[in-house]
Amino acid sequence: MARYFWVAGTDTDVGKTVVTTYFMHYFQAKGEVMPYKPVQTGIIDEGSNSYYRDTQFYQSFSEMELAKELINSFSFKEPASPHYAARLEGSVIDEEIILQHLKLLKSKYDYVICEGAGGLYVPLDEKRNYHFHHLIKESQLPLVLVTRTTLGTINHTLLSIEALKAKEIPVAGIVFNAFEGTDLEADNIATILQITGLPSLVIPKLQNLSDLKQLRLENAEEFFERLLSI
Ligand SMILES: Nc1ncnc2c1ncn2[C@@H]1O[C@H](COP(=O)(O)OP(=O)(O)OP(=O)(O)O)[C@@H](O)[C@H]1O
Ligand SMILES: C[C@H](N)[C@H](N)CCCCCC(=O)O
Ligand SMILES: [Mg+2]
């Protein structure tokens, strides 16, 4: 029963944090949930108040207090690939720390939702040729793939699915994010589903992100049932 899974993406900026937060909010009605961003980059420095966008976003939508030391393991100031942002700070990312932390979270929470950084091939340590997909594989958790609905998504999505299949990482479904309702986007979605046969959710482009709390997706129950059955 996969109450622990990854929210991965075809790219940076595709909506992994929005989707992670929507999932967190959905499952908080069913039990204790911990969103987990193992590696985040790009500090937002507002003088006395500096923070990281992703974990701050989780906090702002969570029905319960999320302990800072639980929702993240590595944070680097430069808004860049983790391997580079870490190097700029003379640091390295140790996947063992992440895997150990994941074990702790799984023992404490009913649901753990892990968000990737960028896309699957983002390096955590280029010297060891260690990428995010290696970490996902080692975690032995399934994933949901977040993708755009706009021009270019067919190739990006199929490439990511192909890579996941080759690495035998279970894909529970695809979340098409920020759908604006155009015919092109609708055909992109239909084409990807026709080729992959995967379950899917479609999240509309929200005028206000605060609408995320009220978001009700018609096939959400079915999608989550399948996700939890993996
Ligand atoms: N469905 C949506 N409706 C409106 N805005 C959205 C939606 N999804 C994402 N956004 C906006 O698009 C931007 C990128 O989204 P998000 O931060 O979730 O991407 P990400 O994949 O988590 O990026 P990263 O790789 O940096 O973690 C953010 O400004 C976010 O608020
Ligand atoms: C800074 C950004 N928001 C993400 N946290 C990191 C994105 C890394 C992308 C690396 C790449 O694919 O070139
Ligand atoms: Mg994010």
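Just so you know, these numbers use all the heavy atoms, side chains as well, and skip hydrogens, waters and symmetry mates. Order of listing sets the numbers, starting from 1, for every ligand and every atom in it.
For the pair Ala80 and ligand 2, a heavy-atom separation below 4.0 Å is found.
Here the options are Glu115, Lys68, Lys37, the test is side-chain contact (heavy atoms from CB on, under 4.5 Å), and the partner is Thr55; only Lys37 passes.
Under the 4.0 Å criterion applied to side-chain N and carboxylate O atoms, Lys30 and Asp110 are not assigned as salt-bridge partners.
Counting only non-hydrogen atoms, the option in Val122, Leu120, Thr17 that gets closest to atom 9 (C) of ligand 2 is Val122.
Between the side chains of Glu185 and Thr150, no donor N or O sits under 3.5 Å from an acceptor N or O. At a cut-off of 3.5 Å, with distance as the only test, no side-chain donor of Thr149 or Glu180 sits close to an acceptor on the other residue. Checking Thr153 against Thr147 by side-chain atom types alone, a donor-acceptor pair falls below 3.5 Å. Between the side chains of Asn188 and Thr191, not a single donor N or O lies within less than 3.5 Å of an accepting N or O. Using modelled atom types and a 3.5 Å distance limit, the side chains of Tyr51 and Gln59 yield no donor-acceptor pair. Between the side chains of Tyr52 and Thr41, not a single donor N or O lies within less than 3.5 Å of an accepting N or O. Gln140 and Tyr4 form no side-chain donor-acceptor contact under 3.5 Å, judged by distance and modelled atom types alone.
Taking every heavy atom of Pro79 and a limit of under 4.0 angstrom, the matching atoms of ligand 2 come to 1 (C).
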Which protein N or O atoms sit under 3.5 Å from any N or O of ligand 1? Give each pair with its distance.
| from | atom 1 | to | atom 2 | distance (Å) |
| --- | --- | --- | --- | --- |
| ligand 1 | 1 (N) | Asn177 | OD1 | 3.0 |
| ligand 1 | 1 (N) | Pro204 | O | 3.0 |
| ligand 1 | 3 (N) | Leu206 | N | 2.8 |
| ligand 1 | 8 (N) | Asn177 | ND2 | 2.8 |
| ligand 1 | 18 (O) | Thr17 | N | 3.1 |
| ligand 1 | 18 (O) | Val18 | N | 3.1 |
| ligand 1 | 19 (O) | Gly15 | N | 3.1 |
| ligand 1 | 21 (O) | Asp13 | N | 3.3 |
| ligand 1 | 21 (O) | Val14 | N | 3.1 |
| ligand 1 | 21 (O) | Gly15 | N | 3.0 |
| ligand 1 | 21 (O) | Lys16 | N | 2.9 |
| ligand 1 | 21 (O) | Lys16 | NZ | 2.9 |
| ligand 1 | 22 (O) | Lys16 | N | 3.3 |
| ligand 1 | 22 (O) | Thr17 | N | 2.8 |
| ligand 1 | 22 (O) | Thr17 | OG1 | 2.9 |
| ligand 1 | 22 (O) | Glu115 | OE2 | 3.0 |
| ligand 1 | 23 (O) | Asp13 | N | 3.0 |
| ligand 1 | 25 (O) | Thr12 | OG1 | 2.8 |
| ligand 1 | 25 (O) | Asp13 | N | 3.4 |
| ligand 1 | 25 (O) | Lys16 | NZ | 2.7 |
| ligand 1 | 25 (O) | Gly118 | N | 3.4 |
| ligand 1 | 26 (O) | Thr12 | OG1 | 3.4 |
| ligand 1 | 27 (O) | Lys37 | NZ | 3.2 |
| ligand 1 | 27 (O) | Asp54 | OD2 | 3.0 |
| ligand 1 | 27 (O) | Glu115 | OE2 | 3.0 |

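At a distance under 4.0 Å, no protein heavy atom can be found next to atom 13 (O) of ligand 2.
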Under 3.5 Å, which donor-acceptor pairs link side chains of residues 192-214 to any protein atom two or more places apart or in another chain?
| from | atom 1 | to | atom 2 | distance (Å) |
| --- | --- | --- | --- | --- |
| Thr196 | OG1 | Ile192 | O | 2.8 |
| Thr196 | OG1 | Leu198 | N | 3.3 |

Only distances under 3.5 Å count here; give the side-chain donor-acceptor pairs of residues 118-128 to other protein atoms, sequence neighbours excluded, each with its distance to 0.1 Å.
| from | atom 1 | to | atom 2 | distance (Å) |
| --- | --- | --- | --- | --- |
| Tyr121 | OH | Lys167 | NZ | 3.0 |
| Asp125 | OD1 | Lys127 | N | 2.9 |
| Asp125 | OD2 | Arg128 | NE | 2.9 |
| Glu126 | OE2 | Arg87 | NH2 | 3.2 |
| Arg128 | NH1 | Glu95 | OE1 | 3.4 |
| Arg128 | NH1 | Glu95 | OE2 | 2.9 |
| Arg128 | NH2 | Glu95 | OE1 | 2.8 |

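Aromatic ring centres of Phe76 and Tyr84 lie farther apart than the 6.0 Å criterion allows.
Looking from atom 2 (C) of ligand 2 to the surrounding protein, the closest heavy atom is Thr12 OG1, 3.5 Å. The single protein non-hydrogen atom nearest to atom 1 (C) of ligand 2 is Thr41 OG1, 3.3 Å, given as residue, atom name and distance. Closest to atom 8 (C) of ligand 2 among all protein heavy atoms lies Ser81 CA, 3.8 Å.
A distance of 9.0 Å separates NE2 in His101 from CD1 in Ile71, rounded to the nearest 0.5 Å.
Protein N/O/S atoms found under 2.8 Å from the Mg ion (ligand 3): Thr17 OG1, Asp54 OD2, Glu115 OE2.
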